[in-house]
Amino acid sequence: MRRSRYFLPTLRENPAEAQIASHRLMLRAGMIRQSSAGIYSWLPLGHRVLRKIEQVVREEMNAAGCQEILMPAIQPAELWEESGRYQDYGREMLRITDRHDRPMLFGPTHEEVVTDIFRQSVRSYRDLPQNLYQIQWKFRDELRPRFGIMRGREFYMKDNYSFDIDHAGAVRSYNKMFVAYLRTFARLGLTSIPMQAESGAIGGDYSHEFIVLAYTGESAVYCDRAWLDTDPLAMGIDYEADLQPIVDEWTRLYAATDDKHDPGACTVPEDALYQGRGIEVGHIFYFGTKYSKAMGATVTDPDGVEIAVEMGSYGIGVSRLAGAIIEASHDEAGIIWPEVAAPFKVGLINLRVGDSACDGACEALYARLAEAGVEVLYDDRDERAGVKFAEMELIGLPWQVTVGPRGVKSGTAELKARAGGEAEALSFESVSARLIGG
Ligand code: ATP
Ligand code: MG
């Protein structure tokens, strides 16, 4: 992509309304623009990031055996009357009336819709288990939308729903999601800690929130510091095997959110206990037959008896993750994208646009990288070097390649990692090899 044509409305000044780094940087880097309170447009740079995050989430869901669907954003109120949640959900639900005076709503979550699909389509235990997911915009009329897309009213969520014949099956499904979530967040470069969370009306310990530690987070959390040295990607996962030992291993260390933390029961010594704040990026939940009973989602078991299916639901805040990654990875100058979520892998800076040697070298490198499938943002504008460098730092692409008249004469360009380290003068050949290779 040529910067001269790219829609990238960056801001020089810090926007007054932004209280936390991710909000400030997303506005300044031209990733998002507010439309109304808690409702945002995603501009090209932000949209690329959202797609990258979504893709990692999708890959991990598919690997865990889930199947992607897409349910309607607008739902009929009837279904929520059936589950008994229409009144309970309260003012966070955006209620709509259509032209025939039918009550509708913009979905804050999809348990009812998916249960309805299930009961229309599945009759026998032989068709279980099932696990369906979607990645879609949700609306919750939050009392206090804030921190940009971190707590929006409209936000992008991956939600999935498992259906099993019995409790043991439901636990297997829950464990798969537990492991898939650990892997997803780790692939995005985040240390996420599964914490016991309030499981609401149903009870049991089958609810975990996945929290990324950040001092700007909204949740107060307590955990064993040993969590910070763990790497979920180090283990090989076979989703067909019994995952209970892995889940046990990953829940052995103490971790609890504020509402579950019990100083009496917490055996972690004071100096090993992290007490701080975190961002909830995911939440998994086992709730048994709550919806299946209320809505008549039953199957026949091997003895021909009709039984209500065991369900769980699982959510990841895809748009919130963009903010969480920035909170975890930025400096004074701007964002530092991990490669998986970066809008482009490389920023190519031409220091002397109009100089035929510089232009020629940049065009050749740009073409070479494009051909190899490396995503490059090429700053081909006739701008001061300082402006270009500042913008590259701000938008935080993992690699910067700088091409100037002096280097070009000796056949070199400078390669620098945004995350730190010295710039290296390398031949154009080595620059491409490095960027294409790794
Ligand atoms: P919270 O406690 O932050 O209000 P929640 O428990 O209501 O979230 P869930 O229903 O568990 O949220 O939704 C699944 C995930 O969706 C959350 O873990 C979070 O990452 C994300 N999410 C929830 N509400 C919002 C929001 N208003 N803006 C952005 N992301 C959100
Ligand atoms: Mg939650």
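Keep in mind that this is a model prediction, so the values were computed, not measured. Both counts, for ligands and for their atoms, begin at 1 and track the order of listing.
- Backbone and side-chain nitrogen or oxygen atoms of R153 are examined, and none is located within less than 3.5 angstrom of a nitrogen or oxygen of ligand 1.
- Considering backbone and side-chain atoms together, R140 places an N or O closer than 3.5 Å to an N or O of ligand 1.
- Taking the six-membered ring where the residue is Trp, the centroids of Y254 and H261 are separated by under 6.0 Å.
- The distance from ligand 1 to the heavy atoms of I149 drops below 4.0 Å at these ligand atoms: 29 (C).
- Within the structure, the closest approach of L321 to ligand 1 does not fall below 4.0 Å when heavy atoms are considered.
- Checking M157, M150, K138, R146 against atom 14 (C) of ligand 1, the nearest heavy atom belongs to M157.
- Remark: the backbone N or O of R126 is paired with a side-chain donor or acceptor of S124 at under 3.5 angstrom.
- The heavy-atom pair separating E112 from S83 by the smallest distance is OE2-OG, 2.6 Å.
- Proximity of the aromatic rings of H208 and F285 is defined here by a centroid distance below 6.0 angstrom, and this criterion is not met.
- Open room surrounds CD on E78; 12 or fewer heavy atoms of other groups in view lie less than 6.0 Å from it.
- Heavy atoms of S319 stay at 4.0 angstrom or farther from ligand 1.
- Checked against a 6.0 Å centroid threshold, the rings of Y133 and Y161 do not count as neighbours.
- The ligand atoms of ligand 1 that sit less than 4.0 angstrom from a heavy atom of E142 are 24 (N), 26 (C), 27 (N).
- Looking only at distances, no side-chain donor or acceptor of R320 sits under 3.5 Å from a matching main-chain atom of I149.
- Partner of R146 under the side chain to side chain donor-acceptor pair (under 3.5 Å) criterion, out of Q19, H23, E218: E218 alone.
- Using a 4.0 Å heavy-atom cutoff, T109 is absent from the residues neighbouring ligand 1.
- Considering each of E280, E92, H283, the one bringing a non-hydrogen atom nearest atom 8 (O) of ligand 1 is E280.
- Close approach to G282 involves these atoms of ligand 1, each under 4.0 Å from a residue heavy atom: 18 (O).
- The only option from Y206, W250, F210 that meets the ring-ring contact (aromatic ring centres under 6.0 Å, His included) definition with F178 turns out to be F210.
- Here atom 26 (C) of ligand 1 lies nearest to F155 when heavy atoms of F285, F155, Y156 are compared.
- Annotation: G315 places no N or O atom under 3.5 Å from an N or O atom of ligand 1; distance criterion only.
- Within the 4.0 Å heavy-atom criterion, the part of R320 lying near ligand 1 is the side chain and not the backbone.
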